[in-house]
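Reading through the structure tokens given below for one structure.
Because the structure is a prediction, the values reported are computed rather than measured. For ligands, and for the atoms within them, numbers begin at 1 and follow the listed sequence.
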Amino acid sequence: MEKKKITAVVPCYNEEAVIGLFYKEICRVAGAMERVDFEFMFVNDGSSDGTLEKMQELRKMDKRVCFLSFSRNFGKEAAMYAGLEHATGDYVAVIDADLQHPPALLIPMFDAVTKEGYDSAAARRISRKGEPKLRSFVSRRFYRVLAKLSQIEVVEGEVDYRLMSRAMVNAVLGMSERNRFTKGIFSWVGFKTKWIPYENVERAAGKTKWSFWKLVKYSMEGIIGYSTAPLALVSFIGALFFIGAIFAILYIVVKTVLWGDPIGGWPSLACMILGVGGLQLFGMGILGQYLGKTYLEVKNRPIYVASVVETNEPGEDKAEKGE
Ligand code: UDP
Ligand code: MG
């Protein structure tokens, strides 16, 4: 049988503490998979520590190691895109550098796509051990809301760790939107996916790059990127208020005709003005979110800018612009 190649795309942001451990572990797994060639595509997402130097060291020792380095921090979604773009493997895996995604899972994943007829195999963590309770709770709610509002199915416990066939990689690359919500993209392109459960592991070293606000922004991206339900919601509330107003007018007219019009009721008027004004601003805010996203897409800026590219692709020079 012809030897197949897997490219492992590894987004790294300030991961100097774990990158060596990760490399050792994935090499061990690569060694166990005899009939497969490997390519390791590290993407340095504008780290401010020694991550890039670590990558350069690894490449000196091992030509299977390739890397791209961004000119600043563009976010994990952009890093994954860049890695997929430069991957040359027949199959491509995306995996975190912090060993929270056990590289050993690549073995059953590879079996799923080569022997069991799947296009992709993805990891699903079945426990959220070591994660703050509030974060797990909010995150679970969020995915449920997202599933209701859009056609995007995010499987419970889904993480950005999966192995994909070339066809699926090309489909993902075909979605060149700037606001990238990768879980949504994977679900949107379809393909047959096998879910492989695993126990959550704490990161080997270093610390998480997600702050509370980064997570909020990520969730907004998910909802606005894949659903227009908030727009419909605003129209619905508007219509409801309008109908309410008609009834209120009828009531006041009838009351005035029957009993005259003693002065009064200005506090309720003030409340109404405030309430409706607030609602209008809220609606405009939602509209603005969509408009803002549209504006950024229309600008058509590159998804990332790489300042160093060291891959094994022939004719590649050292710096290039991503698109
Ligand atoms: N990451 C990245 N760019 C960022 C943030 C994170 O490339 O702006 C990488 C990070 O180096 C790691 C992966 O994305 O390999 C997951 O990040 P992290 O472990 O901080 O997230 P968590 O596992 O806590 O969800
Ligand atoms: Mg992690």
Salt-bridge criterion met for Arg125 and Glu199 (N-O under 4.0 Å)
no

Give the protein residues with at least one non-hydrogen atom closer than 4.0 Å to an atom of ligand 1, ordered by chain and number.
Pro11, Cys12, Tyr13, Glu15, Asp45, Asn73, Gly75, Lys76, Asp96, Ala97, Asp98, Gln100, Arg135, Arg203, Thr208, Lys209, Trp210, Lys214

Test item: Thr51 side-chain N/O and Ser47 main-chain N/O as donor-acceptor pair under 3.5 Å
no

Describe, in one word, how the ring planes of His101 and Tyr198 are oriented to each other, choosing from parallel (under 30°), tilted (30 to 60°) and perpendicular (over 60°).
perpendicular

Salt-bridge contact Asp119-Lys192 (side-chain N to carboxylate O under 4.0 Å):
no

With a 3.5 Å cut-off and no angle check, do the side chains of Tyr304 and Glu85 form a donor-acceptor pair?
yes

Six-ring centre of Phe74, Arg72 cation under 6.0 angstrom, axis tolerance 45°
yes

By residue and atom, what protein N/O/S atoms are less than 2.8 Å from the Mg ion (ligand 2)?
Asp98 OD2, Gln100 OE1

Tell me whether the NZ or CZ atom of Arg162 lies within the 45° cone about the ring axis of Phe186 and under 6.0 Å from its centre.
yes

Start with the C-alpha gap between Tyr23 and Lys54, add the side-chain angles, then the distance that decides, and say whether side chain to side chain donor-acceptor pair (under 3.5 Å) holds.
CA-CA 10 Å; Tyr23 172 74; Lys54 288 263 168 127; over 6 Å; no

How many angstroms lie between atom CE of Met175 and atom CG of Asn170, to the nearest 0.5 angstrom?
14.0 Å

